[in-house]
Structures are given as C-alpha cells and as structure tokens.
2 protein chains.
Amino acid sequence: MRFHSPAIQYFHAVRRTGSIRAAARVLNVASSAVSRQILKLEQEIGSPLFERTARGLTLTTVGEMLARHVMNVLQDLDRFRSDVQSLSGTWHGTVTIACIESLTESVLPDLIASHRGRARRVNFTTEVKGSSDVLEALSRGEADIGIAMALRHPPDLRQVALKRFRLGAVVAREHPLARRKTVTLTQCLAFPVIHALPELSIYHLLQPLIAQLSETPEPAIQANSIDLMRELAARGVGVAFQTQLGIGRLSRDGQLVFLPLDNAGSPVWSDLGIYVRAERTLPAYTESFLQELVRELGERERRENAAHPQVA
Amino acid sequence: MRFHSPAIQYFHAVRRTGSIRAAARVLNVASSAVSRQILKLEQEIGSPLFERTARGLTLTTVGEMLARHVMNVLQDLDRFRSDVQSLSGTWHGTVTIACIESLTESVLPDLIASHRGRARRVNFTTEVKGSSDVLEALSRGEADIGIAMALRHPPDLRQVALKRFRLGAVVAREHPLARRKTVTLTQCLAFPVIHALPELSIYHLLQPLIAQLSETPEPAIQANSIDLMRELAARGVGVAFQTQLGIGRLSRDGQLVFLPLDNAGSPVWSDLGIYVRAERTLPAYTESFLQELVRELGERERRENAAHPQVA
DNA sequence: CAGGTTGATGCCGTTTCGGCAACAGCTATA
DNA sequence: TATAGCTGTTGCCGAAACGGCATCAACCTG
C-alpha cells in the first residue's frame with residue numbers, strides 16, 4: 001500500500017537520517033536514486049530543501065515546511081490503513097509513546113499490559129526522555145503520544161489532557177518524617193536529601209521553592225534517575241521528592257511513605273500533560289489507547305487527591 | 001509542484017466527477033490511463049474503491065476512507081504551497097466560501113471587497129446554498145469556509161465560531177407595525193406575511209413557534225429567496241422574517257424597519273455558525289480571511305444586540 | 001433493435017526510475 | 001602532508017511505469 005510517490009518517502013527518510021546515503025541504506029535503494037528524487041523535488045518547488053554540509057544535509061526553511069506536509073501525509077496514511085483494517089475486524093499497528101520516567105513504574109506497564117490483553121496485535125514502542133525532549137520527539141513525528149510535564153507546548157502539539165498530582169517527599173518507612181501526614185520543605189531539609197539533577201523536571205519544580213529559603217544545605221545525593229532516587233529513599237539514605245505516580249509498588253509494599261509537600265500552607269502541584277501532534281488524526285488503535293491513558297491518569301489523579309485532601 | 005503520484009489525483013478527479021471518462025476529460029489524459037490507476041490502487045489496497053454502475057462510479061466504504069485521506073493530502077498540499085509563497089512575500093490563491101443567503105447582502109460583499117483591497121491576488125469563489133448543503137459541500141472538500149445556521153454539524157467539521165442574531169419581523173417604513181419597538185408573532189400574523197419555504201432555515205426557526213399558536217392563517221406569499229422576500233417587504237406587500245444581517249442596505253436607507261421578535265417574552269435567536277473541515281490546516285490567506293470573518297460577525301452581533309437590548 | 005453511454009484491455013512508444021561506477025569535495029587520522 | 005573514508009552528484013543503461021490509441025463487452029435510452 002505505497003501509493004505515494006517515492007519522492008515523498010525518500011524525502012522523509014533523508015530528513016530523519018540527515019544524509020542521502022544513510023537514507024538509501026534504510027530504503028534499500030541506491031543513493032543515486034535518492035539524490036535524484038531530492039533534486040527533482042527541489043526543482044519542482046523551485047527552492048532548495050536541504051543545505052548540503054560536508055557531513056550530511058540540514059533542512060532549509062522551505063524544507064521544514066515540506067517536512068511538516070510530508071509528516072501530515074504519512075501519518076494520515078497510517079490512519080487510513082488502520083481505518084481499512086478495522087473494517088475487516090482486526091487491528092494491528094504500533095503505538096509509539098514518548099514519556100517521562102515517572103510513568104514507567106506503574107501507569108504505563110499496567111496500561112500496556114491490559115491493552116495488549118485485549119488487542120494482541122497492537123505493538124508498543126516506548127521511549128523515556130526528559131519533558132522537553134518528549135515534546136520535541138512528538139513534533140518531529142517520532143512518537144504518537146507524549147506524556148510530559150505540562151510546560152508551554154509548541155503550537156504544533158495539542159494538549160489532550162492535563163492532570164495535576166501533588167508533589168511530595170518520599171521516605172523509607174523507618175524515617176523520622178514517616179509518621180507525619182504532610183511535610184514542609186524546611187522539615188525535609190533537616191535531613192539528607194536526594195535531589196534531582198536539572199535534566200529532570202522535578203528539579204525545576206523544587207528549585208524556585210528552595211531558592212526562597214534562607215539556608216540551602218548541600219544535597220546529599222544528586223541523580224538523574226527516578227528509579228535510583230526511589231530505591232535510595234527506600235534504603236533510608238535520605239528524602240527524595242516525587243509524585244506518588246512514580247513510587248507505586250514500593251508504596252504498596254509499605255517500604256516507602258509518600259508525604260505531600262506543603263509550601264506556605266498550599267500544596268505543590270506537578271502538572272502532567274498528555275500531548276499529540278495537532279495536525280493529525282490518530283489511527284483507531286492509537287486513539288483507543290490514548291483514551292485509556294487519559295482515563296487512567298484521571299482516575300489516579302482522583303484517587304490521590306482523595307487520599308491526600310488539600311490543606312485549606 | 002505536483003509531487004504526488006498520479007493515482008492520488010486521478011482518484012480525486014474520479015470521485016468528484018463520478019466517472020472515469022469525465023475525470024479523464026478534466027485531467028486531459030486518456031480514460032485508459034485513469035482506469036488503470038484506479039485499478040492499481042484497488043489492487044494495492046486489496047479492496048474495490050468504487051462500485052461500477054452502468055452510468056458511472058460510486059464510492060465504496062473503503063473508497064470513502066481513501067477519499068478522506070486524499071482530501072487531507074491535497075488540502076494540506078495547498079496549505080504547504082501557500083506557506084512557501086508567503087515566504088517570498090506575495091500571497092495568491094483562491095478562498096472558496098459556501099454560505100447561506102443572508103450573508104450576501106452586506107457581510108460578505110463588504111468583507112471580500114475590503115480584503116481584496118489589501119490582498120489583490122487572493123481570489124474568491126462564493127456559492128450560496130441551504131444550511132445543510134453548506135455543511136455537505138464543506139465535508140466533500142468543495143469549500144474552504146462554510147457559514148450556515150448552527151445545526152448539529154458532522155464530526156468532520158469544526159465550528160470555528162457561533163454568533164447569535166435576533167430574528168425579527170421586517171416591514172416597510174409605512175407599515176402599521178413599523179412604529180413599535182418589538183413585535184410578537186401574533187401581532188405579525190394579523191397582517192399578510194411573507195413566509196419562507198422549508199428549504200430556507202428561517203422556516204425551521206419559525207415553524208415550531210407558529211405551530212404553537214391557536215390559529216395559523218395562510219401565508220400571503222411563500223418564497224425561497226431572501227432577496228425576493230426583502231424586496232417584497234420593502235414594497236409593503238407584507239411582513240417578512242429575517243435577522244438584521246440580511247437587510248443591511250435597505251435598513252440603512254430607511255425603507256425597511258427591523259422589529260425584533262418576542263415569543264412569550266423572550267427573544268427568538270438565529271444561530272449562525274462558521275465551519276471548517278476539522279482535519280485540516282488552512283492556507284495562510286484563507287486563515288487570514290477567516291479571522292476577519294469571525295471578527296466582523298462578532299462585531300455585528302455586538303452592535304445589533306446593543307441596538308435591540310434583550311427584554312428581561 | 002440501434003446509437004449512445006460506460007469501464008476494461010491489448011499493444012506500443014515515451015517517460016520515469018533505479019542500479020552501477022566514477023567523480024569532486026570535504027574531514028579525520030596516521 | 002598524505003591517505004582513507006565519508007559526503008552528494010552525474011553519465012550510462014536496463015527495467016519498470018505511464019499514457020495514448022483502438023477495441024471490446026456491458027449497459028441504458030431512445
């Protein structure tokens with residue numbers, strides 16, 4: 001089902017690989033064929049699409065415009081294919097997800113497992129990245145669904161849903177703080193803290209609050225892995241900071257305690273956004289998973305806010 | 001700039017014309033070429049796209065899915081073209097508008113004239129239809145912007161704006177009713193009325209109200225042309241019903257008087273919707289005109305509701 | 001039944017496409 | 001500084017796709 005002109009697909013491959021010869025290898029054709037299709041496109045449009053550097057090609061402004069069009073075409077082709085297949089009963093395709101690390105502990109594995117229980121032939125590709133990288137991958141068409149901290153998102157993305165979770169301190173069961181209902185930042189800083197590095201978005205949530213304090217002690221440990229931070233906290237090394245999303249299993253086992261953070265009497269929120277390319281209609285199987293994702297995150301938001309009612 | 005495979009464009013032409021030979025004439029190619037491209041498409045997709053009847057082709061379900069995809073591709077190609085052109089300064093292209101008749105007296109001519117004053121190379125095609133035909137033309141990709149009574153719109157359309165205007169009686173200056181501020185339906189029915197035929201949406205706004213009345217006199221005149229109804233009212237033949245949008249010039253000249261209609265103490269609203277295909281990003285010049293249209297209709301809505309404040 | 005459609009097909013020239021090999025330009029490495 | 005490895009481009013040529021013409025069977029309309 002490849003009824004679009006080769007030029008479109010070759011262009012797409014060249015844009016992704018950044019090189020004509022690399023694209024040719026991926027496409028299993030000679031590099032000359034790829035080169036000629038690109039040259040033909042540039043002639044028909046009347047403007048160069050790439051800047052030729054010594055080690056590859058970079059998109060020009062016009063090239064980026066064409067890239068957007070080609071992405072729209074190819075993604076809509078996927079949707080068409082899925083529409084045709086869903087007519088004959090079975091779904092199959094691949095859902096590509098780009099998300100931040102806090103989802104990998106429980107939300108995503110639960111959802112994917114349950115979804116594959118029902119739709120066996122829908123495959124998943126998941127890539128964990130930082131929030132801004134998630135949005136970028138989505139813009140470049142390298143992912144279908146993105147989950148990231150709700151930053152200002154570029155106009156070519158659409159925010160499908162916005163869920164807010166309380167940021168809290170995470171400590172081991174035996175930790176002196178563990179018996180409290182909520183904690184303040186000052187109370188936490190009396191103990192060794194496990195702080196996130198700037199590449200994690202928790203850093204940007206906490207940094208402004210810490211900066212307001214009079215004294216800012218050195219963090220005992222800094223890390224860029226939520227998994228590592230969680231396991232360290234479980235071993236009593238110190239106080240980590242997370243939303244409850246990221247510590248599901250250890251919390252259920254009773255090893256970790258989640259203490260909602262209070263800052264000057266009000267909760268600290270971590271906004272999680274679900275994103276999709278705006279100029280796009282999703283394939284049926286992707287849309288279906290997206291709906292479940294939104295529902296599940298909404299459910300967790302509701303449950304957690306009920307478990308930790310807001311301090312008025 | 002025709003870098004999409006001929007199959008796409010041939011399919012599009014066949015869908016529009018409903019016949020292979022007719023499509024071939026439009027495309028200036030032999031009918032055999034068109035026939036073969038369609039057959040090739042059907043073979044690659046693995047399902048017939050058309051049902052062959054004695055006098056032409058009709059889309060199958062799969063065909064309609066492909067039609068949707070092809071429409072998305074070709075409309076997005078238009079947008080890409082406009083993006084490239086706007087890079088080199090000048091805009092040119094054609095904005096196709098499908099709208100109901102009430103816009104033709106003043107709103108559309110004013111807007112188009114003023115827009116062409118600024119963007120000389122943007123052309124317009126305007127087609128006047130009934131409300132449901134407007135939506136249908138939009139769905140079929142035969143228009144870029146649709147203006148119609150705000151009915152329930154199909155999911156493939158997006159309602160860009162919704163403006164409400166008061167429905168009123170329209171009478172000549174010398175008419176006995178002309179000195180009133182507002183009128184009720186019963187007051188109007190004491191005089192000869194010029195009623196809309198069912199193909200106009202005013203009919204469907206008024207009919208339920210008339211049906212509630214105890215006595216429903218024969219309408220003096222029935223017509224399907226707003227222009228005709230307006231001119232008849234101006235000649236004192238009877239009472240017509242319209243929003244003020246449709247009687248701009250004659251109202252300014254003082255020949256016609258607009259009397260907001262009261263029904264059981266509350267106004268009768270006529271909702272006007274502005275529509276666009278949902279799965280589509282408009283070319284820059286179309287988007288620009290759309291913005292002006294929304295602004296202008298909002299402005300008129302504001303002015304008219306200020307001129308005829310709602311009876312509490 | 002005849003005269004007009006309709007879409008499909010076999011034949012054939014033209015165009016386009018793709019593979020191979022060679023080329024020039026650049027970078028990194030020895 | 002020379003060399004090896006990469007880049008994209010270009011002639012040449014065979015293969016595949018495309019399009020035009022004439023023809024066919026099936027159908028509707030007089």
Side-chain angles (χ1 to χ4, degrees), chain A residues 1-64 66-67 70 73-74 77, chain B residues 1-64 66-67 70 73-74 77:
Chain A
M1 206 189 290
R2 49 174 203 296
F3 41 72
H4 283 293
S5 80
I8 296 290
Q9 307 177 291
Y10 289 8
F11 172 83
H12 188 232
V14 171
R15 185 204 61 111
R16 280 186 307 175
T17 59
S19 140
I20 287 190
R21 288 188 117 102
R25 282 192 292 272
V26 173
L27 295 164
N28 280 319
V29 292
S31 66
S32 58
V34 179
S35 176
R36 267 189 268 262
Q37 291 291 344
I38 300 296
L39 289 172
K40 201 189 91 186
L41 269 183
E42 292 180 321
Q43 191 182 351
E44 282 200 79
I45 294 177
S47 159
L49 297 170
F50 293 98
E51 274 169 12
R52 272 74 169 175
T53 73
R55 62 171 78 271
L57 305 192
T58 322
L59 284 173
T60 62
T61 308
V62 179
E64 280 178 11
L66 182 62
V70 168
V73 169
L74 295 182
L77 176 63
Chain B
M1 207 188 293
R2 47 174 206 295
F3 41 72
H4 284 292
S5 76
I8 296 291
Q9 306 178 295
Y10 288 9
F11 172 84
H12 188 233
V14 171
R15 184 203 61 110
R16 280 185 306 172
T17 59
S19 141
I20 288 190
R21 289 188 117 101
R25 282 192 291 273
V26 172
L27 296 165
N28 279 318
V29 290
S31 68
S32 59
V34 179
S35 175
R36 267 189 268 262
Q37 292 292 344
I38 301 296
L39 290 172
K40 201 190 88 186
L41 270 181
E42 290 179 323
Q43 190 180 351
E44 282 199 81
I45 294 177
S47 159
L49 298 170
F50 294 97
E51 273 168 13
R52 271 75 169 175
T53 73
R55 64 171 76 274
L57 306 193
T58 321
L59 284 173
T60 63
T61 308
V62 178
E64 279 177 11
L66 183 61
V70 168
V73 169
L74 294 183
L77 177 62

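Quick caveat: nothing in here was measured; it's all calculated off a predicted structure. Chain letters run A, B, ... following the sequence lines, proteins first, then strands; residues in each count from 1.
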Counting heavy atoms from C-beta on, name the nucleotide in [options] closest to the side chain of [X].
| X | options | answer |
| --- | --- | --- |
| A30(B) | dC27(D), dC20(C), dG20(D) | dG20(D) |
| R25(B) | dC18(D), dT7(D), dT6(C) | dT6(C) |
| S35(B) | dT9(C), dT10(D), dC27(D) | dT9(C) |
| R52(B) | dG7(C), dG18(C), dT27(C) | dG7(C) |
| Y10(A) | dG8(D), dG18(C), dG20(D) | dG18(C) |
| L57(A) | dG20(D), dG8(D), dA21(C) | dG8(D) |
| V29(A) | dG19(C), dC21(D), dC17(C) | dG19(C) |

Expected output: side-chain E51(B) to main-chain T58(B) donor-acceptor under 3.5 Å: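 No; zero donor-acceptor contacts below 3.5 Å.
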Phosphate-side-chain proximity, R36(A) and dG8(D), N/O vs OP1/OP2 below 4.0 Å: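 It does not, given that no N or O in the side chain of R36(A) lies less than 4.0 Å from OP1 or OP2 of dG8(D).
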Under 4.0 angstrom between Q37(B) side-chain N/O and dG19(D) OP1 or OP2: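 The answer is yes; a side-chain N or O of Q37(B) sits under 4.0 Å from OP1 or OP2.
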Considering only heavy atoms from C-beta outward, does the side chain of [X] approach that of [Y] to under 4.5 Å?
| X | Y | answer |
| --- | --- | --- |
| H4(B) | V73(A) | yes |
| V34(B) | S31(B) | no |
| F50(A) | T60(A) | no |

Polar pair under 3.5 Å, donor/acceptor by atom type, side chain R21(A), base dG5(D):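 Flag unset: no donor-acceptor pair detected.
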Side-chain-base donor-acceptor pair under 3.5 Å for T53(B) and dC27(D):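 Side chain to base: no pair present.
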Sugar-phosphate only, base, or nothing, as touched by L39(A) at under 4.0 Å among non-hydrogen atoms: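 Result for L39(A) = sugar-phosphate.
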Sugar-phosphate, base or nothing in reach of S19(A), heavy atoms under 4.0 Å: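 Here S19(A) touches the backbone only, sparing every base.
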L66(A)/L41(A) under side-chain contact (heavy atoms from CB on, under 4.5 Å): CA gap, chis, key distance, verdict: CA-CA 10 Å; L66(A) 182 62; L41(A) 269 183; 4.1 Å; yes
Spacing of I38(A) atom CD1 relative to dT7(D) atom C1', expressed in whole Å: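 Between C1' of dT7(D) and CD1 of I38(A): 15 Å.
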